[in-house]
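Beneath this line is the structure, given in structure tokens, with notes to follow.
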Amino acid sequence: MRLPDLTPTELSEAQRALRERIVGGPRGSGRQHFPLVHEDGSLTGPFGVMLHEPALGAPLQELGSAIRYATRLSARTREIAILAVAAATGSTFEAYAHERVGRAVGLTEDELAALADGSFTSTDPHERAAHAFCQRLLADTGPEARWDDETYASYAATLGATTMTELVVLVGYYRTLAQLLDVFDVGVPEE
């Protein structure tokens, strides 16, 4: 373990406030598809990492909450995008957590398997375009991968600027979480 799990009795005031925002907000008060809190009160996944640096963890947590609860993305599109990031980054925690959420919002086992191996498609043109857009973002590296007007226009015609903005932020956010989980070797919680 690269970072110790922080139990409630070990938290500073700033860490306690952040923990309360995480478990007391919509993320912690809604239906739980995966455990947010270990039996000892420490937080699972990226939330446990966020507690170690509350000056960064608090705004990061707020961004994640905004992505989940304040965007116009449908629940299915949001989970398709998150699972595309999980597959591209090899994030076992994000795959574990969001496969469960994905099932709850109507993704089938076949769709989940296709998201995991990158072969996802959908009869819904919006979902299909959102997945392709995320894969394009995840594959882009370096200055040669800049978006030309034609590529932008093709996605804008189906997704619109708002959805494209939301997906860019979502991909960046979940890439950040995947890196945090990887660097600090945070895996899937034991159930």
Which pairs of donor and acceptor atoms, one on a side chain in residues 6-14, lie under 3.5 Å apart (sequence neighbours left out)?
from: T7; atom 1: OG1; to: T9; atom 2: OG1; distance (Å): 3.4
from: T7; atom 1: OG1; to: E10; atom 2: OE1; distance (Å): 2.9
from: E10; atom 1: OE1; to: T7; atom 2: N; distance (Å): 2.7
from: S12; atom 1: OG; to: Q15; atom 2: N; distance (Å): 3.2
from: S12; atom 1: OG; to: Q15; atom 2: OE1; distance (Å): 3.3

Solution key, residues 43-58 side-chain donor-acceptor pairs under 3.5 Å, sequence neighbours excluded:
from: T44; atom 1: OG1; to: P35; atom 2: O; distance (Å): 2.7
from: T44; atom 1: OG1; to: L36; atom 2: O; distance (Å): 3.3
from: H52; atom 1: NE2; to: P4; atom 2: O; distance (Å): 2.8

Show which side-chain atoms of residues 157-164 pair as donor or acceptor with protein atoms under 3.5 Å away, not counting sequence neighbours.
from: T163; atom 1: OG1; to: L159; atom 2: O; distance (Å): 3.3

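Once rounded to the nearest 0.5 Å, the distance linking CG of L180 with OH of Y174 reads 13.0 Å. In this structure, NE2 on H126 lies 10.5 Å from CZ on F133, to the nearest 0.5 angstrom. Here CG of L3 is found 5.0 Å from CZ of F184. Values are rounded to the nearest 0.5 Å. Rounding to the nearest 0.5 Å places CG of L60 at 5.5 Å from CG of L177.
Across all their heavy atoms, T77 and A130 have their closest contact at CG2-CB, 3.7 Å. Shortest non-hydrogen contact noted between E79 and H98 is OE1-ND1, 2.7 Å. Residues R175 and A139 approach most closely at NH2-N, 4.4 Å, considering heavy atoms. For A84 against H131, the heavy-atom pair with the smallest separation is CB-CD2, 4.0 Å. The heavy-atom pair separating A81 from L167 by the smallest distance is CB-CD2, 3.7 Å. Contact record, Q135 with G118: NE2-O, 3.3 Å, taken as the closest heavy-atom pair.
Within 6.0 Å of CG in D40 there are more than 12 heavy atoms belonging to other residues, nucleotides or ligands.
For S65 (side chain) and Q61 (main-chain N/O), no donor-acceptor pair under 3.5 Å exists by modelled atom type. A side-chain donor-acceptor contact under 3.5 Å links R128 to the backbone of S122. The main-chain N or O of V85 is found under 3.5 Å from a side-chain atom of T89 such that the two form a donor-acceptor pair.
S119 and D117 share a side-chain donor-acceptor pair at under 3.5 Å.
Residues passing the salt bridge (charged side-chain N to carboxylate O under 4.0 Å, His left out) test with E62 are R21, sequence neighbours excluded. E111 pairs by the salt bridge (charged side-chain N to carboxylate O under 4.0 Å, His left out) definition with R76, not counting sequence neighbours. Looking at residues two or more places apart in sequence or on another chain, you find a side-chain contact (heavy atoms from CB on, under 4.5 Å) between A75 and R78, V105. The salt bridge (charged side-chain N to carboxylate O under 4.0 Å, His left out) check on R136 picks up D140, with sequence neighbours excluded. Every residue two or more places apart in sequence or in another chain was checked for a side-chain hydrogen bond (donor to acceptor under 3.5 Å, both in side chains) with T123, and none qualifies. Scanning for salt bridge (charged side-chain N to carboxylate O under 4.0 Å, His left out) contacts around E150 gives an empty result, with sequence neighbours left out. The side-chain contact (heavy atoms from CB on, under 4.5 Å) check on D182 picks up nothing, with sequence neighbours excluded.
The list of ring-ring contact (aromatic ring centres under 6.0 Å, His included) pairs with a residue in residues 54-88, not counting sequence neighbours, is empty.
In the hydrophobic clustering, L112 connects to I80, L83, L107, L115, F120, either directly or through intervening members, whenever side-chain heavy atoms lie under 4.5 Å apart.
Classification of the F93-F34 ring pair by plane angle, with boundaries at 30° and 60°, yields perpendicular.
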